Amino acid sequence: MGLFDFFKKGLQKTRETSMNDVNEVFETYQQADDDFYDELEERLIMADMGVKTAEDIIADVREESEQSGKTSTKEVYELFKAKVTRILTSSHPNAIIDRMTNVILMIGVNGAGKTTTIGKLAWQLKNEGHDVVVAAADTFRAAAIDQLKVWADKAGVTFVAHDEGSDPGAVVYDAADITHSRWADVLLVDTAGRLQNKKNLMEELRKIDKIVQREFPTAHREVLLVLDATTGQNALSQAKLFMEVAPITGIVLTKLDGSAKGGVVVGIVNELKIPVKYVGVGEGIDDLKKFDPAEFAEALFAEDDSETAKPEEG
């Protein structure tokens with residue numbers, strides 16, 4: 001399956017609900033007037049793009065419409081699509097592998113799909129020819145350690161863990177030692193998702209980062225935040241809170257296929273200015289794909305085989 005088809009499949013529920021609701025506004029009105037824009041803004045908010053992003057889109061589209069004289073809803077629809085595409089492509093993701101040694105910290109609340117994402121990413125990186133070490137530094141839950149080991153075994157990568165309740169920093173230190181001894185080029189670190197106690201989480205991440213800086217002074221470092229797409233605007237709120245405790249370099253959006261809230265991607269990119277780097281669709285080990293903003297935008301507005309998503313001329 002090509003990347004466009006992958007995104008199209010993952011966004012099916014979003015198109016069938018949220019985007020259909022948005023398109024309905026374009027179908028109801030023939031000319032873009034105040035009532036049209038008010039209703040469109042409301043539908044964009046309901047489509048999980050967020051209040052600020054909805055306001056930004058409406059303001060820009062309205063200005064372009066007035067300046068160009070394109071006031072029919074068919075013409076404004078094209079301006080709307082172009083604006084959303086510009087938002088998505090404004091922050092193009094860089095590769096997470098950049099040097100001889102790469103350290104990737106994975107953060108996110110419990111239940112967001114962080115552990116499975118690490119397993120899928122480890123498998124993908126190994127298939128790309130990298131030697132990967134996975135560190136189970138979420139030591140507060142035995143289930144997290146056990147689950148991560150299952151995924152590491154599936155991926156066929158080196159796994160480093162201590163007992164439940166151990167010092168996460170000690171796990172990272174041992175994993176660093178093994179990474180050096182193997183001459184491995186990727187260290188993937190799972191971290192605890194205890195966002196409800198930001199102070200403890202900040203201290204823990206700072207300790208892990210200190211170890212990483214000491215053991216890998218020249219390494220390329222990434223901090224990837226895993227968000228559950230099914231939570232919609234809550235995912236955006238989580239991202240803002242995590243930005244207070246860690247220097248996030250990229251977003252991984254999971255469970256996109258189980259959600260009608262794909263519009264949250266637009267809000268995340270527009271408000272946070274942090275690139276989405278991976279998207280998860282499905283439970284399979286190969287169901288994690290690098291995010292391509294242009295392909296995603298095209299899939300968001302794609303016509304389904306069974307119906308026409310594009311509004312007709314009034």
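Being a predicted model, the structure only gives us computed values, none of them experimental.
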Is [X] salt-bridged to [Y], cutoff N-O under 4.0 Å?
X	Y	value
Lys83	Glu64	no
Lys70	Glu78	no
Glu55	Arg62	no
Lys120	Asp287	no
Asp167	Lys207	yes

ring-ring contact (aromatic ring centres under 6.0 Å, His included) between Phe4 and Phe296: does it pass, once the steps are laid out? CA-CA 7 Å; Phe4 169 76; Phe296 187 90; over 10 Å; no

Can you list every pair that meets side chain to side chain donor-acceptor pair (under 3.5 Å) and has a residue in residues 265-275, with sequence neighbours left out?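 Counting only pairs at least two positions apart or across chains, the side chain to side chain donor-acceptor pair (under 3.5 Å) contacts touching residues 265-275 are Thr53-Asn270, Asp56-Asn270, Lys240-Glu271.
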
Can a donor-acceptor pair be found between the side chains of Asn102 and His220 at a distance below 3.5 Å?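 Looking only at side-chain atoms, His220 and Asn102 do not form any donor-acceptor pair under 3.5 Å.
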
Will you find, in the side chains of Asp209 and Gln213, an N or O donor that is under 3.5 Å from an N or O acceptor?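 Asp209 vs Gln213: donor-acceptor pair found between side chains.
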
Does Phe80 have its ring centroid less than 6.0 Å away from the ring centroid of Phe301?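 Yes, they do, as the ring centres are separated by less than 6.0 Å.
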
Do Lys154's NZ or CZ and the ring of Trp151 fall within the cation-pi criteria of under 6.0 Å and 45°?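 The answer is yes, since Lys154 meets both limits relative to Trp151.
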
How far apart are the closest heavy atoms of [X] and [Y], and which atoms are they?
X	Y	result
Lys114	Thr191	NZ-O, 2.6 Å
Ala235	Asp228	CB-O, 3.8 Å
Ala137	Val172	CB-CG2, 4.0 Å

Please check if the number of heavy atoms outside Lys210 that lie under 6.0 Å from its NZ is greater than 12.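 Not more than 12 within 6.0 Å, no.
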
CZ/Phe216: more than 12 non-hydrogen atoms of other groups inside 6.0 Å: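 For Phe216, atom CZ is crowded (more than 12 foreign heavy atoms under 6.0 Å).
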
Run Phe291 and Tyr278 through ring-ring contact (aromatic ring centres under 6.0 Å, His included) and show every step you take. CA-CA 5 Å; Phe291 184 73; Tyr278 287 88; 9.8 Å; no

